[in-house]
Amino acid sequence: MRKATATIPVTVIGGFLGAGKTTFVNHLLATGGPRTAVLVNDFGEINVDATLIQGHDGTTMTLTNGCICCSIGTSFIETMCKVLDAEVPFERIVIEASGVGDPWKIAEIALIEPTLRLDRVIVLADASRIAALIDDARVGATVRSQFERCDVVLLSKTDLVDAATRAAARAAVLALRSDMRIVETTRDSLPTLASLDAPGKVSAFRADSPPVDHRETFRSFAYRRDGAFDRGRIAGAVAALPPELLRLKGSCRLDGEDAPQVFQMVEGVWSLSPSAPEQSESGIVLVGVGTRDLPPPSVLDAILDRALAAGAVS
Amino acid sequence: MNHDNVVYSARNIITMNPSRPTATHVAVRDGRVVATGSADELCVNGARLDNRFADKVLMPGFVEGHAHIMEGLMWKQPYVGAFDRRSPEGKVVAGVPDIDSIVSRLQQAEAAMPDDNSPLYAWGFDPLHIGGKMLTRQDLDRVSTKRPVLVVHASFHINNVNTATLELADLLHATDISGVVAGADGLASGELQGIPARMRLFRALGHNPLAGTITEADVRRYAASSCVQGVTTITDLHNDLNDPTIEVYRSVTSQDDFGVRLVPALAAVSHTPEQAIAKLEALRQQPSAKLHYGIVKLVVDGSIQGFTARLRWPGYHNGAANGLWYIAPEELPRLVDKYHRAGVQLHIHTNGDEATEAALDAIEAAQIAAPRPDHRHTLQHCQMADAAQFRRMKNLGVCANLFANHIYYWGDAHYELTMGPERASRIDATGTARRIGVPFAIHSDAPVTPLAPLFTAWCAVNRVTSGGRVLGRDTEALTVEQALAAITVDAAYTLKMDHLVGSIETGKYADFAVLEDDPLSVAPEKLKDVAIWGTVVGGVVREAPRA
Ligand SMILES: [Zn+2]
């Protein structure tokens, strides 16, 4: 009745909106490994990283939808079935759970589907706001439930908070489950699945004595426009950006060109590279990180607006 | 007047046009209303008099502002709900009020099936309507021990299956999975819910009975049900609108004999806002008389009787934990803002009052950031809103489509379990909406409850539960006239179609509900019993099937 197939490990990535799930999924893909099917079921959020996932060399699938009601559950199921029935079997399945969903309710698929086995449930928590989210009157219960049965918590963005905030974040998560394993991460020090397997190595990601100056705090910045950049005006605008803006990254359209581009800027050095053809984001979506002295968004917006093609609607 | 005019005489014509509320005749040309009036006024210049409706009462065709195409799919399978329901063939299918009668209906259906172990599906079961009794696998084993038997609940979120199905899907012992409920013997009881159990089920069966492409036959069944109920404009209020569906809708609604105007709403959940906006823009390039795109649907929370709606303090009356956000409250403003700026009309599902609050906050922020006149964003269900929330709706230009059928079907559960006496009394507060001046419709959410606007109107007029309890009639009930407006012109308003349908007046489509009796002259408690002869859609007369 059933094909005898090797079991495929399933890793479920959970966590509330903005915790860094997609960044981590991107990181897992970028750091290599077996042929992986990625199922992303958070479509509501503008997600620069999701557009990058779609561009990953054809072994990945960015797929819609999750666990919220019958019809949506149904399309998730159909997608999952397609992955299971793929002619060349996948070697790993990574599911990014919905930001308001319970990752365990997805993980259970791997417990009853004979061709699957559950690798682990990883929940990301944004160090800058998890303590507040856990106690939030509206979403607290949703957030708390995500931690109930996870194997490991990745406390993300620890380089963007001070020591007291980081300690409060740890304490809030540990108050939910005292046995919780917490791995502190930054965008540049995300673990691989293999490194998570070996506790000795994982400690490298703990920020118990991190080489980070915690007097420094960071500010994030997001720029969204419906139009397109004029290729010729980008350099001038970037040159006008203040040095306090350390990084800026995302996708953009260029006037007169069909293919969307990936824009990256690190400390004033910038590049454009073609994005995946099936990439569907329209307009311009950039996210950036700066120092705590970063000028207000309106100032940065005005500078970047200078690169917009004429007639572009803001 | 033109000699191509056809003038229909009627016992009475309730126009829902306040400038000329009643008439005895209506002149029609090219599928549109030329005028209403008297014989003297309209039978001129060679107009042809048609007396076929001389003993009938004409109303504007009913507008169902919240229903789903699934109503057209379900009737392929036996119905096992507790209440009577009318099929697309016009047949009254009796409710089955206890486990034994459910089993015997399934046994009959099973006996008519070929002996090939193909699965038997049924729909409409709700344990709340049969004293909290659950169908067990042992009950369903009385139907068959060989073929899979599956009963999907009225909520569409839970399945009950027989032992053969559990064995086929390897779920009999899988009670450690949260969606596999254990019975008294420690084995699976047959009640399955959640994605993992459903997925296992569909993989074991080889397919998902509720998935797959919508066919022309399904849409025609939906249109037939509409005709049976006097509906001439109907929504399909949550659809992914994938290409095959778009093509089926385009093809079927362009045929002359297709007898209802279809208003699909694009499901936000399956698209980024950019994709959804682009898709709608493309769909609206091809205007069509019987297919109207333009609405995007957002779903913020779950259902009250399923305890998945988000309630404000003090929460559920019985102490159940608060429900689920399907869109995070901090994400909602961003989504609403994008659609609002793009000129899209949003229909936002909010059952609980905390979800309603989140939706109003999001619309308020969008209106401040980018004021837009006449957006007509509409809160769907909006069952628990209080007066203060209705005042915010009024000030923000938001409409409501209230779920009047809930008063009858789940009013007792709301009084006893979910809301308690005070909040249950003002459930689906049509009276409050009127006093404050919020434009509103009332709806069935078919197939969740039966498609039947006159029944929905009856619920809003009488506010009586299936258990006989009266909920807030003194303060929240509508008059019959007001309820008829809520299933015609006011429902059309929430769809931005009130310039096309919803009343019988010059220039609008000649869309009529043809009634055997006058709803304004029957006793209000008999409103639901007014018989429907059929419909006229764009001047095409269609007698409802009767079986
Ligand atoms: Zn609905």
* Spacing of B:Asn322 atom CG and A:Thr142 atom OG1 [to the nearest 0.5 Å] ->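 So the gap between those two atoms works out to 8.5 Å.
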* Distance, nearest 0.5 Å, that separates OG of B:Ser178 from CD of A:Glu108 -> 3.0 Å
* So what's closer than 4.5 Å to chain B heavy atoms on A:Ala107: side chain, backbone, both or neither? -> neither
Measure distances from [X] to the heavy atoms of chain A and classify the residue's part below 4.5 Å as side chain, backbone, both or neither.
| X | answer |
| --- | --- |
| B:Arg312 | neither |
| B:Ala358 | both |
| B:Glu330 | side chain |
| B:Leu171 | side chain |
| B:Ala174 | side chain |

* **Shortest non-hydrogen contact between A:Arg138 and B:Arg310, atoms and distance** =>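 Closest pair (atom of A:Arg138, atom of B:Arg310, distance): O-NH2, 2.9 Å.
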* Asked: Under the 3.5 angstrom rule, does the side chain of B:Arg200 hit a backbone N or O of A:Ile109 as a donor-acceptor pair?
  ->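 Between the backbone of A:Ile109 and the side chain of B:Arg200 there is no qualifying donor-acceptor contact (under 3.5 Å).
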* Is there a donor-acceptor contact under 3.5 Å from the side chain of B:Trp325 to the main chain of A:Gly101? -> no
Kindly indicate whether the side chain of [X], heavy atoms from C-beta on, has any atom under 4.5 Å from the side chain of [Y].
| X | Y | result |
| --- | --- | --- |
| A:Ile112 | B:Asp170 | no |
| A:Asp85 | B:Arg203 | yes |
| A:Leu111 | B:Ile177 | yes |

* To do: In sequence, state the C-alpha distance, the side-chain angles, and the governing distance for B:Ile195 and A:Ile77, and then conclude on side-chain contact (heavy atoms from CB on, under 4.5 Å).
  => CA-CA 7 Å; B:Ile195 288 176; A:Ile77 288 170; 4.0 Å; yes
